[in-house]
Amino acid sequence: MVSRTSARRAASATSTLISRPSQRGELSTIFIHPRNAPPSKSKTQPQNPIRKSLKNDHKINAHDALTEFDSMLQMQPPPSVSSFNTVLGTVAKAKKYKDLIFMFNRMCEVNLLPDYIGMNILINCYSELKRVGLSFAIMGGILKRGYNPNIVTFTSLIKGLCLENKIGDAVELLKKIIRLGIHPNVKTWGTLVNGLCRSGNAEVALRLHEEISNGNVGLGVKFKPSLIYYNTLIDGLCKEGLVEKGKELFLEMEGKGISPDVVAYGTLIHGLCIVGDWEKGKELFIGMVDRGIRPNVVTFNMLIDALCKEGKTNEASGLLDLMIRRGEKPDSITFNTLMDGYCLEGRIDDARDLFLSMAAKGQERDVVSYNVLINGYCKCRKLGEALGLFKEMLSKDYKPTAITFNILLTGLFQKGKVDDARELYSKMKDHDLTPNSATYSILLDGFCKNNCLEEAVELFRGLEKSGYKVDSLNCNCLLDGLCKAGKLDFATELFEKFPEMGMVPTLFTYSIMINGLCKDGQLEKANNLFLEMEKRGCAPDVVTFNTLMRGFCNSNDAPKVVELLQKMAERNFLPDAYTATIVVDLLSKDDSYSKYLELIPKFSNKA
DNA sequence: GTAGGGTTAG
């Protein structure tokens, strides 16, 4: 058991980690118990038949729980606070967090303060809503009320920190509770592993896994990984392209007597599809079915998506028929995925037909269905149709998202309709939508590419002033615009400001700058930047090589091009079609260049 | 009674 003092110490340790929120009004109803109104705890609770069924019937949904909650509030005498936890838990499981907060507020209004289980539910709720500051405040309330935060409390806090991208803080919090003698369990580790994976640190997660498996972390408590824990880690590894590691973990799990389920198989199949190993994915899928594990709608959706991305929409459509025959009901994701596949292939009419047939096939469309089709129309430059669909969705009361606007803005800029783009952008706030990073990148890029560089700069400066934290993607858009407009001085100035703006130049940033410098005839600077990016741990790709080689080629510096070609070959980079145009150009300039080209070792055929 | 996992659109 966790001693009260250690839990309190952990709590005070965390309060230095996270600043306390200022939303006192919102919380006071939960924290401060009104005087002379202790929580009722009658021993003779009236047994409510609905509540009984809540416990026994797993199919009870959040709606029934809310109804039950209302009737519980009406009871005289009121039921015990703890008896509310079942209904709260049901609504929490359904992820109806807004409803949950409403319920807690209602309880507080009638002087029913949640017990520490209820407060744990509330902490998890705020963490899920990415309001971890409030989560910590509720934990303060747990202490104030004389309860102990337990490992469930801390696991929810760690999740909240992870969801707000505060992985460092999450790790620190975990270290602190371990030092204080609170033992993390497999769910705590799973939460952290998930947080690490989702923030692009799958390899760190893997190292952590090795450490805890070896008993190096966790105060000598035997670590028992679970199926879900393994699935989390395998998924994280696969999403970063480390499918081989994922496979190893899959086998390790089986070696420990944990049988993979439909999720484990699905995760690994998805991973194989991501790296393009469709054959192995198929093999695994067959193996799974042979083992008697039924693919479900998610499995089918992933397979349909993989086929679509491979351009095999007919096979994907066949899979939709197969799942229906097998009695697996397709959901909106199934239809949206296939529609997007058709759009990617330019089969916009097939996408439209599927869109129109959804209702008849027993599946209502959703916002994503509209987004997919609008995007399809934008991509084949049928802006009229796209805008028509947008109007239709509004008239049918579908709520557009920032993505809807981003899709349409992209389409409008691509067609040079800057005025329409401006007008649409101004309408976002009418729909209670906040532009996101992608919106700003689209605007910056769109203005730059439509001869409105001034407006892009103006927008960028406005963003900086507004306190919005511009990211490297936003900057890359403006950098590219500045470079292409020949404003190398301004571009260089912005590029050099990256560190003080808290940004790390990406591969794209370097390629944009190298391209700009080359076009401006500043080849030495371009070459230096190329060398610098390597030093800073940003490996150039084929595009970077091509960009620089094109620059040297245009300034007739054949030896430099050859040198770069050799470097590419050393790294087993396969030249692409663009590389070929450079070589051809070089040869056509002067026959004598061919003597340099003989020096190039053969490119390996290894992909 | 409360905490952890796989799928779609920009």
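This is a predicted model, so every value here is computed, not measured. Just so we're on the same page: letters track the sequence lines, and every chain starts at 1.
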* To do: Establish, yes or no, whether a centroid distance under 6.0 Å links the rings of A:Phe84 and A:Phe69.
  =>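 Yes: the rings meet the under 6.0 Å criterion.
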* To do: Assess the pair A:Phe390 and A:Tyr370: is the distance between their ring centroids shorter than 6.0 Å?
  =>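 Between A:Tyr370 and A:Phe390, which both carry aromatic rings, the centre distance is not below 6.0 Å.
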* **DNA chain B contacts made by residues 330-337 of chain A, counting heavy atoms under 4.0 Å** =>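 By residue number: A:Ile333, A:Asn336, A:Thr337.
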* Neighbours of DNA chain B within residues 260-272 of chain A, by heavy-atom distance under 4.0 Å ->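 Within residues 260-272 of chain A, the residues near DNA chain B are A:Asp261, A:Val262, A:Val263, A:Ala264, A:Thr267, A:His270.
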* From B:dG4, B:dA9, B:dT2, pick the nucleotide closest to the side chain of A:Val368? ->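 Of the candidates, B:dA9 comes closest.
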Under 4.0 Å, counting only non-hydrogen atoms across every strand here, what does [X] touch: a base, just sugar-phosphate, or nothing?
| X | result |
| --- | --- |
| A:Val298 | base |
| A:Ser226 | base |
| A:Thr439 | nothing |
| A:Ile117 | base |

* Phosphate oxygens OP1/OP2 of B:dG10: is one of them under 4.0 Å from a side-chain N or O of A:Asn371? ->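 Indeed not, no polar side-chain atom of A:Asn371 lies that close.
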* A:Lys309 vs B:dA9: side-chain N/O to OP1/OP2 distance below 4.0 Å ->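 A:Lys309 to B:dA9 OP1/OP2: side-chain N or O found under 4.0 Å.
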* **Residues which pass side chain to side chain contact (heavy atoms under 4.5 Å, CB included) with A:Leu307, listed by chain and number, not counting sequence neighbours** =>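 Listed in chain order: A:Trp278, A:Lys312, A:Glu315, A:Ala316, A:Leu319.
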